[in-house]
Amino acid sequence: MSRAKTLSNLRLVTFDLFDTLYTPCEYIGVTYARPLQRQGFKDIRPEVVGAEFARAFKEIHSKSPCYGRAEGMTSTQWWEQVITLTWSHCKINIKEHPNLVAERDQLISRFATSQGYTMFADVPRVLSYLQRKEIKLGVISNMDETAESILRSLGIRRYFDFVLTSINVGIEKPDPKIFELALSAVNVRPYDALHVGDSERLDYLPARSVGMEARLVDRSRPALGDIESSEKYIGSLSDLIKYI
């Protein structure tokens, strides 16, 4: 049986952020329902709010990709639209409840720092290991500019040579061009680079299309150890230490 491929001679490792390095502290429906409950909407159900958030996010993103960059919007304005539409789908009009404006602002601020997220426990150890091996580290993310403040708040920004976000470059994954920009940023050839993410469509396939190695982290899988594994998945970021 084949063993997982050793990733040797790498000069660059790039990472997705959301659900790769960190994840929300709690189910998003709970977070977005809490302000409504504080303002008297006691019967609002988090699972309904969570579903309507996903719907609103998709609608606003379809209309204004890259956080409205091409339209001259700020990311704050973009998120205001998402939250307002989420609550509107829940039959709550923010214009009729002015106290919700401050609640909306607090939600946006919450997710601009580590207050809204939990970092996976193995992240600092893996980043430190890769840095000690003198491998350049980068971020390729479809996030807005809060990626920088979140990474600083989590205490891991210092590990990265660059943070490439869709709002800054006007390109979103899965467009391969954002991966090519990352390679150009540190003058590394594709076959000397590895991208790690959690989405086949957004991370694995576009990275492979430009010639990079790629791995998908799937924490529902057991630790790989010495057991047979594919060359596509890792069970945790710690598995990178075994193969780099």
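- The heavy-atom pair separating Leu164 from Ala182 by the smallest distance is CD2-N, 3.6 Å.
- Between Phe53 and Tyr32, the angle of the ring planes lies from 30° to 60°, which puts this pair in the tilted group.
- Minimum heavy-atom separation, Ala207 to Ala214: CB-CB, 4.0 Å.
- Of the possible polar contacts, none joining the Lys136 side chain to the Arg11 backbone as a donor-acceptor pair under 3.5 Å is found.
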- Please lay out, stage by stage, how Arg125 and Ser238 fare under the test side chain to side chain contact (heavy atoms under 4.5 Å, CB included). CA-CA 8 Å; Arg125 182 168 70 98; Ser238 293; 2.9 Å; yes

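- Under the 4.5 Å side-chain heavy-atom criterion for Ile, Leu, Val, Met, Phe, Trp and Tyr, Leu194 and Ile241 are members of the same hydrophobic cluster.
- The two atoms that bring Pro46 and Ala33 nearest to each other are CA-CB, 4.1 Å, heavy atoms only.
- Summarising the geometry of Tyr22 relative to Met143, their closest heavy-atom pair is OH-SD, 2.9 Å, with the distance given to 0.1 Å.
- Distance CG/Leu183 to CD/Glu180: 7.5 Å, rounded to 0.5 Å.
- The main-chain N or O of Gly235 is found under 3.5 Å from a side-chain atom of Asp239 such that the two form a donor-acceptor pair.
- The six-membered or imidazole ring of Phe57 lies near that of Trp78, with a centre-to-centre distance under 6.0 Å.
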- Walk me through it: do Glu80 and Asp105 pass the test side chain to side chain contact (heavy atoms under 4.5 Å, CB included)? CA-CA 8 Å; Glu80 286 174 352; Asp105 294 345; 4.2 Å; yes

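- Following chains of ILVMFWY side-chain contacts shorter than 4.5 Å, one cannot reach Leu137 starting from Val186, and the two form parts of different hydrophobic clusters.
- Ring orientation note: the planes of Phe15 and Phe160 are nearly perpendicular, at an angle over 60° on the 30°/60° scale.
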- Item | Pair Arg215-Glu213, salt bridge (Lys or Arg N to Asp or Glu O under 4.0 Å): steps then yes or no | CA-CA 7 Å; Arg215 294 294 184 274; Glu213 285 284 353; 3.3 Å; yes

- Message: Run Leu10 and Val13 through side chain to side chain contact (heavy atoms under 4.5 Å, CB included) and show every step you take.
- Response: CA-CA 7 Å; Leu10 288 175; Val13 178; 4.1 Å; yes

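- Side chains of Ser75 and Glu145: a donor-acceptor N/O pair is present below 3.5 angstrom, by distance only.
- Cluster membership for Val188 and Ile178, using ILVMFWY side-chain heavy atoms within less than 4.5 angstrom, is shared.
- In the hydrophobic clustering of ILVMFWY residues, with side-chain heavy atoms under 4.5 Å counting as a link, Leu100 and Leu107 come out together.
- Taking both residues in full, the closest heavy atoms of Lys173 and Asp203 are given as NZ-OD1, 2.7 Å, listed atom of the first, atom of the second, then distance.
- Atoms CD and CD1, from Glu172 and Ile167 in turn, are 10.0 Å apart once rounded to the nearest 0.5 Å.
- The shortest distance between side-chain heavy atoms of Phe120 and Leu237 does not fall below 4.5 Å.
- The shortest side-chain heavy-atom distance between Ser109 and Gln106 does not fall under the 4.5 Å cut-off.
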- Task: Please test Gln131 against Arg158 for side chain to side chain contact (heavy atoms under 4.5 Å, CB included), starting from the C-alpha separation and ending with a verdict.
- Result: CA-CA 10 Å; Gln131 191 177 67; Arg158 66 184 184 276; 5.6 Å; no

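- Side-chain N/O atoms of Ser153 and Thr113 include no donor and acceptor closer than 3.5 Å.
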- For salt bridge (Lys or Arg N to Asp or Glu O under 4.0 Å), just list the numbers for Glu59 and Arg55, CA-CA rounded to whole Å, side-chain angles, deciding distance to a tenth of an Å, and then say yes or no. CA-CA 6 Å; Glu59 289 178 25; Arg55 177 183 167 198; 3.2 Å; yes

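- The line from CG of Leu154 to CE of Met119 is 5.5 Å long, rounded to the nearest 0.5 Å.
- The CG atom of Leu151 lies 12.0 Å from the OH atom of Tyr159; values are rounded to the nearest 0.5 Å.
- Side-chain contact between His195 and Leu12: absent, with no pair of heavy atoms (C-beta onward) separated by less than 4.5 Å.
- In terms of heavy atoms, Arg38 sits closest to Glu103 at NH2-OE1, 2.7 Å.
- Taking NZ from Lys232 and CG from Asp218, the interatomic distance works out to 11.0 Å, rounded to the nearest 0.5 Å.
- Taking CG from Leu21 and CG from Asp16, the interatomic distance works out to 7.5 Å, rounded to the nearest 0.5 Å.
- The main-chain N or O of Gly138 is never found under 3.5 Å from a side-chain atom of Thr14 such that the two would form a donor-acceptor pair.
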- Candidate pair Trp79 and Asp144, rule side chain to side chain donor-acceptor pair (under 3.5 Å), full reasoning: CA-CA 10 Å; Trp79 281 110; Asp144 59 26; 2.9 Å; yes

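- Side-chain contact between Arg157 and Val163: present, with at least one pair of heavy atoms (C-beta onward) separated by less than 4.5 Å.
- Looking at heavy atoms from C-beta onward, Lys133 lies in side-chain contact with Tyr129 at the 4.5 angstrom threshold.
- Ile44 has its side chain within reach of Ile92: a pair of non-hydrogen atoms, C-beta onward, lies under 4.5 Å apart.
- The cluster map of Ile, Leu, Val, Met, Phe, Trp and Tyr, joined by side-chain heavy atoms under 4.5 Å apart, puts Val210 and Val169 in the same cluster.
- Contact of the Met73 side chain with the Ser64 side chain is registered, since non-hydrogen atoms from C-beta on lie closer than 4.5 Å.
- Thr165 places none of its side-chain heavy atoms less than 4.5 Å from the side chain of Asn142.
- For the residue pair Tyr191 / Arg189, a side-chain donor-acceptor distance below 3.5 Å is found, with atom types taken as modelled.
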- Task: Please test Glu52 against Arg45 for salt bridge (Lys or Arg N to Asp or Glu O under 4.0 Å), starting from the C-alpha separation and ending with a verdict.
- Result: CA-CA 11 Å; Glu52 296 301 351; Arg45 293 177 8 227; over 6 Å; no

